[in-house]
Structure formats: structure tokens, C-alpha cells
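This chain uses plain numbering: 1 for the first residue, then up along the sequence. Both ligands and their constituent atoms are indexed starting at 1 by order of listing.
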Amino acid sequence: MKIKNVNEIDITGKKVLIRCDLNVPIKNGIIQSDARILASLPTIELALRKKAKVIIMSHLGRPKNECYEKKYSLLPIFEYFKKKINYTKVYFSNDFSNILPIKTGELLILENVRFNSGELKNDEILSKKYSNLCDIFIMDAFGSAHRKQASTYGIGKFVNIACAGLLFMSEINNLKKALKNPKRPMVSIVGGAKVSTKFNILNKLCNISDTVVVGGGIANTFLAINYNIGKSLHEPTFISKAKTLINKYNNIIIPIDSRIGKNFSQNEPSIIKLPSKIQKNEEIMDFGDESIKKVVKIIEKAKTIIWNGPVGVFEFPNFRKGTETIAKAIANNTSFSIAGGGDTLSVIDMFSIKNKISYISTGGGAFLEFIEGKKLPAIHMLEKHFSH
Ligand code: AMP
């Protein structure tokens with residue numbers, strides 16, 4: 001894989017358009033975690049230091065029908081940047097097709113790209129319009145690198161120069177490090193609710209890891225092979241795939257006991273049960289104590305750890321123990337650990353273990369697809385520019 005990075009290109013005085021991933025959780029206009037913004041800052045600040053005219057764009061959430069929706073506006077992010085980058089002028093534009101010129105060393109933030117008609121469909125006209133905004137396109141949104149959209153991929157066809165930003169390069173280098181000749185034993189932990197997207201990666205993880213621990217809806221789908229798991233979140237269409245994996249690999253760890261509740265709600269009490277004892281009106285929302293003990297022992301011995309997704313509904317205090325204990329076990333292991341995925345970042349924030357994970361990827365889907373060995377569209381686009 002050969003791609004140019006921003007350090008190899010003279011950007012001084014140039015108009016640079018940086019595609020960031022500023023898709024942070026926002027509630028009532030307040031940013032809940034700035035992890036993704038902080039990860040994007042090195043490239044933005046490098047471009048400002050080098051006296052480029054810096055424009056940044058990002059998506060936020062999933063607005064319907066590519067139309068403006070206040071809750072998905074990047075305005076709170078603009079306010080954040082105004083405070084953070086207080087040494088230069090920071091502007092905001094809600095219409096990318098009608099922006100005022102900025103001076104070198106200044107920053108302009110564009111409104112959510114997903115308000116632009118054609119963004120999701122990778123529309124050529126829109127891609128071309130984006131390319132007209134800049135001399136150089138810097139792709140730094142690793143979290144969106146698996147999307148073939150106008151701002152992540154289509155623009156590449158029309159800009160003269162496209163390169164990767166610092167975050168993008170660091171994501172790729174760290175993921176490669178985890179995947180190429182990892183120290184053994186290597187343990188992968190996959191939890192969360194997006195069962196269908198994550199199932200595809202299990203094959204690859206079973207191949208490259210010594211042990212694969214499954215949690216959340218993925219574990220439930222495995223449990224559903226042999227048990228009636230009541231209302232538990234799982235994906236019935238993937239049960240046969242789970243069966244195939246279990247028959248093919250003997251390194252998949254499925255919970256032996258679980259924390260159960262009757263209602264999916266904040267103060268729901270939890271009880272621990274064996275999977276065979278779950279009733280129709282109950283649902284699995286976390287690991288039980290025996291499963292936690294077993295997984296912690298595996299993590300303690302690991303020399304490489306890949307982690308994506310909480311093993312339970314960590315947002316509810318009574319169903320947090322599995323995710324918390326496992327997260328802390330990963331943090332306490334001083335070997336190489338890599339974690340990724342939106343909700344994994346929230347877990348890391350919640351338990352303040354950021355400094356104890358070797359590398360935290362900002363990618364969710366992109367992180368998974370890279371591990372799976374798929375060629376990410378944004379990488380493909382940057383490779384084409386390398387050979388120009
Ligand atoms: P993901 O984005 O796929 O990493 O999913 C994260 C979400 O999975 C979190 O909001 C968790 O609450 C949720 N989750 C984890 N385990 C379960 C479970 N057993 N049942 C329902 N939701 C779960």
C-alpha cells in the first residue's frame with residue numbers, strides 16, 4: 001500500500017481541504033466526548049502552522065434525506081474549535097458552495113457534509129464541487145475510510161493532489177502493527193450491538209488470534225444456537241453462520257453465565273443466570289461473574305489484544321460490570337493493545353483508561369474492515385493519487 005502523507009507535500013500558502021471525522025456524540029448541543037476532535041487536531045494544527053488556508057469538513061450523525069437538521073449541525077463543533085484554536089480566526093459556513101476567501105493560517109469549518117445532496121451516493125457533480133474548494137485534499141477521516149462517498153472517495157477523482165493526514169497514517173500503521181507478526185498469545189474481544197456488521201470479521205479474527213471472546217449481541221447469537229435466549233438482542237439470520245464458526249474454530253469463547261433483566265431500562269435490576277435458565281420475558285444484558293473471571297484470566301496472559309465493542313449494556317449501572325472489568329483488565333495489561341469503534345471509545349472515556357491502551361482507533365466500521373483485510377475505498381483513492 002503506497003499513499004502520500006501530508007508531511008511529504010508542500011502545503012504552505014495552499015488551500016487545503018481536510019476531510020475529518022468529527023462525528024462526536026452531542027446531546028442538547030453539548031459535546032459528550034471530544035476524543036475524535038482531539039485525534040483530528042494534529043493534522044489541522046500542522047496545516048495552520050504551515051500557513052495553509054485550512055478548510056475542514058466532516059459528517060455528523062445520520063440526517064434524513066440529506067437535509068438540514070439542527071441536531072446534526074456542526075455548529076457546536078465550531079464553538080469548540082473557536083475556544084481550542086484561539087490563536088487564529090475560525091469561521092463557519094453553512095453553504096460550502098458560497099464561501100468567503102480565508103487568509104493563510106486561518107480555519108474554516110463547513111457544515112455537515114451529509115446535508116449536501118449527493119454526498120452518500122458519491123455523486124460526481126458534488127465531488128467535483130468539493131474539489132474546487134482546494135488545491136490539496138487531505139483525507140484524515142479514518143473512521144469514514146470504508147465509505148464510498150463524495151467527501152471520502154469521489155473528490156479524489158477531481159483533485160490534483162490527495163494525501164493522507166497524520167491521523168489516517170497513524171491508524172494504518174498501528175493496525176498493521178497489530179496484524180503483522182503479533183506477539184502471542186493474541187486475544188480479540190468483539191462485543192456490541194451491530195451484530196451483522198461485526199460477524200464478518202469473526203472468521204478473520206479466529207484465523208489470526210489465539211482466542212476470540214464474543215460479547216453483546218454477537219455472544220447472544222452464538223448462545224441462540226443451543227438455547228432459547230428470550231428477548232435477548234441477537235441476529236437470527238446469523239445463527240447458522242455462528243454454528244459454522246463454532247464447528248470450524250475451537251478458539252471462540254462464549255459466555256457461560258449472563259446478567260439478565262426483564263426490561264431494557266436504566267434501573268433494571270440484574271440477576272445472574274445460566275443460558276439454559278433464561279425465560280421468554282428476559283434478556284441477556286451482560287456477562288455473569290464466571291464468564292468475567294474466565295475472560296479476565298485470558299486477557300492477563302495476552303501479549304496482543306484487539307478490542308471492539310462493549311460486552312454488555314454498559315450504559316446501565318447494573319449491566320456494566322462485564323464491560324468495566326474487562327476494560328480494566330485490558331488497561332492493566334502492559335502488552336500491545338488496540339481498541340476501536342465508537343462505543344468502545346465511550347467505554348474508554350467512562351473508565352478513564354485512555355492512557356493505558358496502546359492505540360485507540362477512531363474507526364468503527366473502518367477499523368473492522370481493515371482488520372478483515374478489505375481494501376478501504378479511501379485507501380484505494382489515495383493509492384491512485386500516489387501513482388499519478
Ligand atoms: P456497537 O456500536 O456495535 O459497538 O454497540 C454498542 C452498544 O451495544 C452499546 O450501546 C451497548 O449498550 C450495546 N450492547 C452490548 N451488549 C448488549 C446486549 N447484550 N443487549 C443489548 N445491547 C447491548
Mind checking whether I85 and L41 have side chains closer than 4.5 Å, heavy atoms only? yes
Within a strict 4.5 Å, meaning less than it, do heavy atoms of the F96 and L126 side chains meet? yes
Under a 3.5 Å threshold, yes or no: a donor from one side chain and an acceptor from the other, between [X] and [Y]?
| X | Y | result |
| --- | --- | --- |
| N308 | K194 | no |
| S170 | Y359 | yes |
| N94 | Y68 | no |
| S291 | D257 | yes |
| S73 | E111 | yes |

Nearest non-hydrogen atom to atom 23 (C) of ligand 1 belongs to which of D286, V190, V313? V313
Atoms in ligand 1 with a heavy atom of [X] nearer than 4.0 Å:
| X | result |
| --- | --- |
| N220 | 19 (N) |
| G192 | 1 (P), 3 (O), 4 (O), 5 (O), 6 (C), 8 (O) |
| I284 | 18 (C), 19 (N), 20 (N) |

Name the closest protein heavy atom to [atom], giving the residue it belongs to and the distance to 0.1 Å.
| atom | result |
| --- | --- |
| atom 13 (C) of ligand 1 | A193 CB, 4.0 Å |
| atom 10 (O) of ligand 1 | E315 OE2, 2.5 Å |
| atom 6 (C) of ligand 1 | D343 OD2, 3.3 Å |
| atom 15 (C) of ligand 1 | G312 O, 3.2 Å |

Do any nitrogen or oxygen atoms of K194 come within less than 3.5 Å of a nitrogen or oxygen of ligand 1? yes
So is K198 in contact with ligand 1, going by heavy-atom distances below 4.0 Å? yes
Ligand 1 versus L233: contacting region, heavy-atom distance under 4.0 Å: side chain
Which heavy atom in S151 sits nearest to a heavy atom in V113, and how many Å separate them? OG-CG2, 3.9 Å
